[in-house]
There are 2 protein chains.
Amino acid sequence: MDAYNYIKDAIVIGKYEPGMRLTEESLANELQLSRTPIREAIKQLESDGLIVPLKRGVSVRNFTKEDIKQIYDLRTLLEGYSASQAAINRTEEDITEMEAANVSFEKALENYEENDMNSIKEIARVNHQFHDAVVRASRNPHLHFHISKVVVVPLVYRSFYWYNLTQLQRSLEFHRTILTAVRRQDPERARIAMHEHIYQGRDHVMNHLDDIKDNHFLKEDAK
Amino acid sequence: MDAYNYIKDAIVIGKYEPGMRLTEESLANELQLSRTPIREAIKQLESDGLIVPLKRGVSVRNFTKEDIKQIYDLRTLLEGYSASQAAINRTEEDITEMEAANVSFEKALENYEENDMNSIKEIARVNHQFHDAVVRASRNPHLHFHISKVVVVPLVYRSFYWYNLTQLQRSLEFHRTILTAVRRQDPERARIAMHEHIYQGRDHVMNHLDDIKDNHFLKEDAK
DNA sequence: CTCTCATTGATTGTATACAATAATAAATCT
DNA sequence: AGATTTATTATTGTATACAATCAATGAGAG
């Protein structure tokens, strides 16, 4: 894996915590590379908004509750649009892919256990599989570009750790509703279903952020 | 100016034409720098989607007519949302800024002459001033982030060269309508007005792309 | 004469060295 | 002691050298 993806993953899974300062040399040591490729990775992560520039060097970005709200609102907007466009432009192959993703989701739910790292990761994977199929069906690469930047945010990723079986089953139901609307080429219903689906995710995450007292995600930006 | 902004501008104004291959060494020579900072700039521009990776090195991205359509659709969506949020969250200072931007626009129109490089640039500047004020009034930095990536596309920038006085006056009228809706805190009217405004821009650009025979923007991707 | 393979040349990927600058620690003065 | 200046250290910014890889050219075989 290259430096960019390594560091990105480390941030997303929380290995590098928000506010943590990243120095080129320590990263270079950890990845057994020279500073040159590290610097390039850092520049890209800065473009992604996952790290913020300091006077000297960079630190892992801290997303506040307000950030998460706004990011979910954007996701709602973009993925809602994505679903509506998918309903217009989808082919039979797209439908097949979405169906396959939902079958995988079902299977993943059968093996699901709360707090089991592996089954959670599997859920995250098949969930992404479905959403990705929708975006691809929309036939708009630029939309894909923006959605991918909005979804990668650490908290969005980690939200799967906070779901329980009932909520995940509800998610699958939404996927089925969206699939039906896309199959019937009903853009508005597809959009609304996706909108509702992601909005539920937003509520879910926001509730958790309220609960957590010692919330290291909400630390003030280390200046 | 640093390497990133230099190359970006060169691409946006068309100095580096679509499909043109960029080698690190030639850029290093042109900017009188070593390859190291050039490489970092290239990685960022790749994130922006302004250049595309080749098997070896990179080339300036070529935006097809389909790309432009999709980009404008996204802009419509994002800036429409931006206007609606501005209507909700605006302060008096935001209104003042938007008013100032429109006054500047008026002034710029008085000095406007078709094909006059300077007055065109001035129009582009004050237009951006207004749109930027709206985004800032929406109080959503992430929205700002995405809109800025969607607006920078070369063709969007150059579209100002294709306007005439009547069309620019119409643009100013739209700005006024948007401002009114934002002032009255009417999100839906603000959204629709912005939507219509940008959609006109889209039509305008698409018509021009139809007209232009020897359209170097539409060259096939140099592989 | 054309196709294949090898050799050459150009360009990128990585490492390292040095210079510039910021952060930190020490020392001096009031 | 507290503040201010100076010295030291840490970290980044840039340049350059070398290794790895891809593209292009040419030589030889069919």
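Convention: sequence-line order gives letters A, B, ...; per-chain numbering from 1. Everything numeric here is computed off the predicted structure, so don't read it as measured data.
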- prompt: How is B:T36 classified with respect to the nucleic acid when contacts are heavy atoms under 4.0 Å: base, sugar-phosphate, or nothing?
  reply: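 B:T36: base contact, heavy atoms under 4.0 Å.
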Output the rounded distance in Å from [atom1] ([X]) to [atom2] ([N]).
X	N	atom1	atom2	answer
A:R56	D:dT11	CZ	C1'	5 Å
A:R21	D:dT12	CZ	C1'	9 Å
A:I38	C:dT14	CD1	P	10 Å
A:N29	D:dA10	CG	C1'	14 Å
B:E46	C:dT12	CD	P	12 Å
B:E24	D:dT16	CD	P	15 Å
B:L22	C:dT11	CG	P	13 Å
A:E40	C:dT12	CD	P	12 Å

task: Give a yes/no answer on whether the side chain of B:S34 brings an N or O atom under 4.0 Å of OP1 or OP2 in D:dA15.
output: yes
field: Phosphate OP1/OP2 of C:dG13 contacted by B:R39 side-chain N/O (<4.0 Å)
entry: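 So the side-chain polar atoms of B:R39 do come within 4.0 Å of the phosphate oxygens OP1 or OP2 of C:dG13, strictly under.
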- prompt: To the nearest 0.5 Å, how far apart are CG in B:L77 and CZ in B:R191?
  reply: 8.5 Å
Worked check of salt bridge (charged side-chain N to carboxylate O under 4.0 Å, His left out) between A:D132 and A:R136: CA-CA 6 Å; A:D132 206 53; A:R136 268 184 284 113; 3.3 Å; yes
field: Under 3.5 Å donor-acceptor, B:S119 side chain and B:E113 backbone
entry: yes
task: Taking the six-membered ring for Trp and the full ring for Phe, Tyr or His, determine whether the centres of A:H208 and A:H204 are under 6.0 Å apart.
output: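 Yes: the rings meet the under 6.0 Å criterion.
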B:H131-B:H197 aromatic ring centre distance below 6.0 Å: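 Ring centres of B:H197 and B:H131 closer than 6.0 Å.
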Nearest-neighbour nucleotide for the B:L33 side chain, D:dA15, D:dA20, D:dA10 considered: D:dA15
query: Looking at the side chain of A:E25, which of C:dT12, C:dA15, D:dT12 is the nearest nucleotide?
result: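 In terms of side-chain proximity for A:E25, the closest of C:dT12, C:dA15, D:dT12 is D:dT12.
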message: Tell me whether the side-chain N or O atoms of B:R35 pair up with the base of D:dT16 as donor and acceptor below 3.5 Å, since no angle test is needed here.
response: no
query: Taking for each residue the nucleotide of DNA chain C with the nearest heavy atom, is it A:Q32 or B:G57 whose nucleotide lies nearer the 5' end?
result: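 First, find each residue's nearest nucleotide; the 5'-ward one identifies B:G57.
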